[in-house]
Amino acid sequence: MSKRKAKPEAKTSSYRKQLEPALWGIAAGLGTIIAVLTVMAVALSVGDIPQILVEPMVIAAVAMGGFSAGFISAKMVNSKGFFWAMLCGAVLFAMIMTVGLAVIHEGFGGIAFIKLFAILLFSAIGGIVGTNSRYSGR
C-alpha cells in the first residue's frame, strides 16, 4: 500500500485570508462615510446650515470612516492592527481622491492634505483601539 503525498494548500487561500481584514475594513469605512454624508446632506437640505461648514463636515465624515475602517480591520487581525489600519486609511483616501478627480474634477489641493491627515490619523487611532480592545463575542 503506497502512501499518497498530501497536496500543498493553494496559495490563493492564504492571500485571501491576509487581505480579508483589509477588504472588510475598507467596506466598513466606505459604508460609514456614505451613511454620515447622507445624514449630513439631509441636515444641509432641511436646516439652515452655512455653506462654509460643508468642507469641515466632509472632513468629519472621512475621519469617521477612517476610524471604522481601522477599527474593523484591526479587530479582525488582532495583531499588527496599526499597519492594517493605515493600509485601509490609505486605500480609502486613494478611492476618495479618485472619485473626486473623476466626478468633480477636484485636484489635489490643500484640502486634500487635510483629508489625508484626518483619514490616516483616525484610521491609526481606530487600529490601535481595535487591537487593544477585548473581544466581546458571546
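Starting from 1, each residue takes its place in the sequence as its number. Predicted model only: the values in this text are computed from it and were never measured.
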Using distance only, find each side-chain donor-acceptor pair of residues 57-66 under 3.5 Å and give its atom names and separation, not counting sequence neighbours.
none

Determine all donor-acceptor pairs shorter than 3.5 Å in which one atom belongs to a side chain in residues 30-43; sequence neighbours excluded.
residue : atom : partner : partner atom : Å
T32     : OG1  : A28     : O            : 2.8
T32     : OG1  : S68     : OG           : 2.9
T38     : OG1  : I34     : O            : 2.7

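Residues satisfying the side chain to side chain contact (heavy atoms under 4.5 Å, CB included) criterion with A69, sequence neighbours excluded, are C88, L92. Looking at residues two or more places apart in sequence or on another chain, you find a side chain to side chain contact (heavy atoms under 4.5 Å, CB included) between P50 and I52, L53. For the side chain to side chain contact (heavy atoms under 4.5 Å, CB included) test, residues two or more places apart in sequence or in another chain that qualify with I128 are F82, N132.
Between S123 and G89, the shortest heavy-atom contact is OG-CA, 3.8 Å. Taking each heavy atom of G127 and A74 in turn, the nearest pair found is O-CB, 3.3 Å. Contact record, S73 with P21: CB-O, 3.4 Å, taken as the closest heavy-atom pair.
Other residues sharing the hydrophobic cluster of I72, ordered by chain and number and joined by side-chain separations under 4.5 Å: W24, F67, F71, M76, F117, L121, F122, I125, V129.
A distance of 9.5 Å separates CH2 of W84 from CD1 of I26, quoted to the nearest 0.5 Å. Remark: L120 CG to K115 NZ distance equals 14.0 Å, nearest 0.5 Å. Between atom CD1 of residue I96 and atom CG of residue L101 there is a gap of 12.0 Å, rounded to the nearest 0.5 Å. Distance check: I119 CD1 to M95 CE gives 10.0 Å after rounding to the nearest 0.5 Å.
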